[in-house]
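Written below as structure tokens is the structure these notes are about.
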Amino acid sequence: MLKDLNTRTRPLNVAIYRKTHWASEIKPELDGKEVTLSGWVWEIRDVGRIKFIMLRDREGIVQVTVKRSLVNDETWDTVSRLSKEDVVSVRGIVRASKVAKAGVEVEPIEVKLLNKANPLPIDIWGNVDETILDLRLRYRTVDLKRRSNVVLFKALSEVVKAMRTTLYGYGFIEVFTPKIIATSTEGGAELFPVQYFERTAYLAQSPQLYKEELTASLERVFEIGPAYRAEKHDTTYHVNEFISVDVEAAFMNYRDVMGILEDVVVESYKAVVGLLSQIGREVRVPSKPFKVITYDDALSMLDKEGIKIKWGDDVPKEGLETLSRLIGEPFFIIHFPTMLRAFYTKPIEGDESRSESFDLIIDGMEVTSGSTRIHDRSELEKAMRARGLNPDNFSAHLEIYSWGMPPHAGWGLGLYRLMMVMAGVKNIREVILFPRDRYRLMP
RNA sequence: GCCCCGGUCGUUCAGCCUGGUCUAGGAUGCGGGCCUGUCGAGCCCGAGACCCGGGUUCGAAUCCCGGCCGGGGCGCCA
């Protein structure tokens, strides 16, 4: 039963739509009990003197059976004029039933129409082959009414909850870093400029530098927040605004944070198994520890498969897919060439051309990147120069490296990428409420 | 940015290759009607579409060119 609101402040005239139960909670055991359900008309089956309203809410669908002989004229009239997606509130008695397929139905005492709905622009009932994604995104608020979408976004919420719980368990605290930043000098990805009073600022592409700085005081931090990339990419797994799960920990190295990542990923899988099975997606929770191969291993494995990659080049999408096919479960690639990674990545001592870095690959998808970071200021400045970056442009960031910067490591995980591989969807936009891509700024 | 593919009722699928028989078909949704146990409800009636521009032709949904929009693959992505 839904947690009751404060009844002392509840105005009587709205009591009719303050629901007492989710649709999914209406079970035969409630037989004879009065309930109030509020939601949307999913479907109406009109058989003349008896009408069946399938009432949908976020949690499920319940049948409201309206018999002409058992309701007053006003209720019958209201029910007769209902159409799909009308918003209604039903006060009635639960009846365990042998004829109803679900074994239970609600016999209404009162039906209140809260808002009329026009015919929908797209099909949400599965009566026709699925509408193309572009059109579904244009009418996204309608598309989200589909059961599969409700389940998908409940699952996404469960994933975030599981991640937070796991990370708190390791002593991390959640932080929030600015999304409006001053610098565009970090190199790499293009940034979105924004007007910031009389100056130009930029949308943050990553909390990377901030989270590293925070290890000098808060030690173990994580942030789940948006990141912006102004890249004009056009693929099924890139968008220009995404949610990044960023973790950074003092006094740890890449192996330590890989272990934490394994836990976060496994707990995420556990959190969605039940939900995703409701929409026909059976996921297998991966077992720990994940398989680990080195970058050099990856190259020789791919070489045997006829995919030639020059040492020092990144593993292309095709290569990741091939490796996933060979390994068959989530796996780490470690020890990437140092120059392939960002300036803050710590090289391996005694093998400086390789780094203490890793990627987590699931189903050919790069879900996470991480590494041990350089914590020595002069080494960091050297690494910047090696990549053509001017340390002077990072003076604000570099300060803390002179004032007690601990050794640290961390990773960044693409939340939607993880969700997409867990849900088995082909396009990342499926798991984003309102995706932002090269051509889509609305809705 | 490159390569390939596509655009038909609100939605979805056919028709296009091989131009006329298309007054453009089916399903679903929508409007109306019938039915007191539907649960993929059923039956009857009705409204509803060839992306835009140009060309070829006696004739274009169909062939050609351009535009716009979309899909897939790749690239880019500290």
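Values below: every heavy atom of this structure, side chains too, minus hydrogens, waters and symmetry copies. By convention in this document, chain letters (A, B, ...) are assigned in the order of the sequence lines, proteins followed by strands, and residues within each chain are numbered from 1.
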In this structure, are over 12 heavy atoms from other groups packed under 6.0 Å from A:Glu352 atom CD? yes
Do A:Tyr139 and A:Leu120 come close enough that some side-chain heavy atom pair is under 4.5 Å? no
Pairwise C1' distance for B:rG54 and B:rU11, with rounding to whole Å: 31 Å
Whole-Å distance between B:rC13 C1' and A:Ile132 CD1? 13 Å
Counting only heavy atoms from other residues, nucleotides and ligands, does the tally under 6.0 Å from NZ of A:Lys116 exceed 12? yes
Nearest to side-chain heavy atoms of A:Gln205, which nucleotide of B:rG40, B:rG71, B:rA78: B:rA78
Using the side-chain heavy atoms of A:Tyr439, tell me which of these nucleotides is nearest: B:rG70, B:rA78, B:rG40. B:rG70
Return yes if the base of B:rC77 and the side-chain atoms of A:His238 contain a donor-acceptor N/O pair under 3.5 Å, otherwise no. yes
Mind checking the C1' distance from B:rG10 to B:rC30? Whole angstroms is fine. 8 Å
Could you please name the option among B:rC74, B:rU28, B:rG37 that lies closest to any side-chain atom of A:Lys317? B:rC74
In whole angstroms, the gap separating C1' of B:rC30 from CD of A:Glu85 amounts to 15 Å
Taking B:rG20 as the reference, what is the distance to B:rC74 when you measure between their C1' atoms (whole Å, please)? 44 Å
May I ask you to say what A:Ala102 touches in the nucleic acid, namely base, sugar-phosphate or nothing, with a heavy-atom cut-off under 4.0 Å? nothing
Minimum-distance nucleotide (side-chain atoms of A:Val99 versus B:rG37, B:rG72, B:rA78): B:rG37
Geometric class of the A:Phe222/A:Phe172 ring pair [parallel <30°, tilted 30-60°, perpendicular >60°]: perpendicular
Between A:Lys426 and A:Ser97, who's closer to the 5' end of RNA chain B by nearest nucleotide? A:Ser97
Can you figure out which of B:rG70, B:rA78, B:rG10 approaches the side chain of A:Pro121 most closely? B:rG10
Count the heavy atoms belonging to other residues, nucleotides or ligands that lie under 6.0 Å from CD of A:Glu329, then report whether that count exceeds 12. yes
Whole-Å P distance, B:rA78 and B:rA14: 41 Å
To the nearest angstrom, how far is A:Leu380 atom CG from B:rA78 atom P? 17 Å
Distance-only polar pair, side chains of A:Ser369 and A:Glu366, donor-acceptor under 3.5 Å: yes
Scan A:Thr236 against the nucleic acid and name what it touches under 4.0 Å (heavy atoms): base, sugar-phosphate only, or nothing. sugar-phosphate
Within the structure shown, what part of the strands sits under 4.0 Å from A:Gln63 by heavy-atom distance: base, sugar-phosphate, or nothing? base
Closest approach to the side chain of A:Ala100, judged atom by atom: which nucleotide of B:rA27, B:rG40, B:rG37 is it? B:rG37
Could you check whether the side chain of A:Lys67 and the base of B:rG37 have a donor-acceptor pair of N or O atoms closer than 3.5 Å, going by distance alone? yes
Whole angstrom value for the distance that separates P of B:rG40 from CD1 of A:Ile61: 12 Å
If only side-chain N and O atoms count, and only distance matters, is there a donor-acceptor pair under 3.5 Å linking A:Glu105 with A:Thr65? yes
Taking atom C1' in both B:rU28 and B:rA47, what distance in whole Å separates the two? 15 Å
Under 4.0 angstrom, heavy atoms only, what part of the nucleic acid is A:Lys84 near: base, sugar-phosphate, or nothing? sugar-phosphate
A:Thr131 has a side chain; which of B:rU38, B:rU11, B:rG71 sits nearest to it? B:rU11
Short side-chain N/O contact to B:rA41 OP1/OP2 from A:Arg45, under 4.0 Å: yes
Quick check on A:Phe434: does its CZ atom have over 12 non-hydrogen neighbours (other residues, nucleotides or ligands) under 6.0 Å away? yes
Measure from CZ on A:Arg49 to P on B:rU36 and round the result to the nearest Å. 6 Å
Suppose you measure atom C1' in B:rU12 against the same atom in B:rA49; what distance do you get, rounded to whole Å? 13 Å
Reckon A:Leu135 touches a base, only the sugar-phosphate, or nothing at all at heavy-atom distances under 4.0 Å? sugar-phosphate
Determine whether A:Tyr344 and A:Ile374 make a side-chain contact, defined as any pair of heavy atoms from C-beta on separated by less than 4.5 Å. no
May I ask you to decide if the ring planes of A:Phe358 and A:Tyr254 are parallel, tilted or perpendicular, using 30° and 60° as cut-offs? parallel
Is A:Glu105 touching bases, backbone alone, or none of the nucleic acid, heavy atoms closer than 4.0 Å? base
With rounding to the closest Å, how many angstrom separate the C1' atoms on B:rG66 and B:rU56? 15 Å
Between B:rC63 and B:rG73, how far apart are the C1' atoms? Round to whole Å, please. 28 Å
Residue-phosphate contact under 4.0 Å: A:Asn118 side-chain N/O, B:rG10 OP1/OP2: no
Proximity to the side chain of A:Ile50 - top-ranked nucleotide from B:rC30, B:rU36, B:rA78: B:rU36
If you draw a 6.0 Å radius around CD in A:Glu349, do more than 12 non-hydrogen atoms from other residues or ligands fall strictly inside? no
Send over the distance from A:Trp42 CH2 to B:rU28 C1', rounded to a whole Å. 14 Å
To the nearest angstrom, how far is A:Ile44 atom CD1 from B:rA41 atom P? 12 Å
From the options B:rU11, B:rC76, B:rA78, select the nucleotide whose nearest atom is closest to the side chain of A:Gln208. B:rA78
Can you run through RNA chain B from 5' to 3' and write each base as (, ), [, ], | or . depending on how it pairs? Watson-Crick or G-U wobble, both distances under 3.5 Å. (((((((..((((......[....)))).(((((.......)))))....(((((..]....))))))))))))....
Classify the nucleic acid contact of A:Asp314 as base, sugar-phosphate or nothing, counting any heavy atom under 4.0 Å across all strands shown. nothing
B:rU11 P sits how many Å from A:Ile124 CD1, rounded? 15 Å
Taking for each residue the nucleotide of RNA chain B with the nearest heavy atom, is it A:Val47 or A:Asp129 whose nucleotide lies nearer the 5' end? A:Asp129
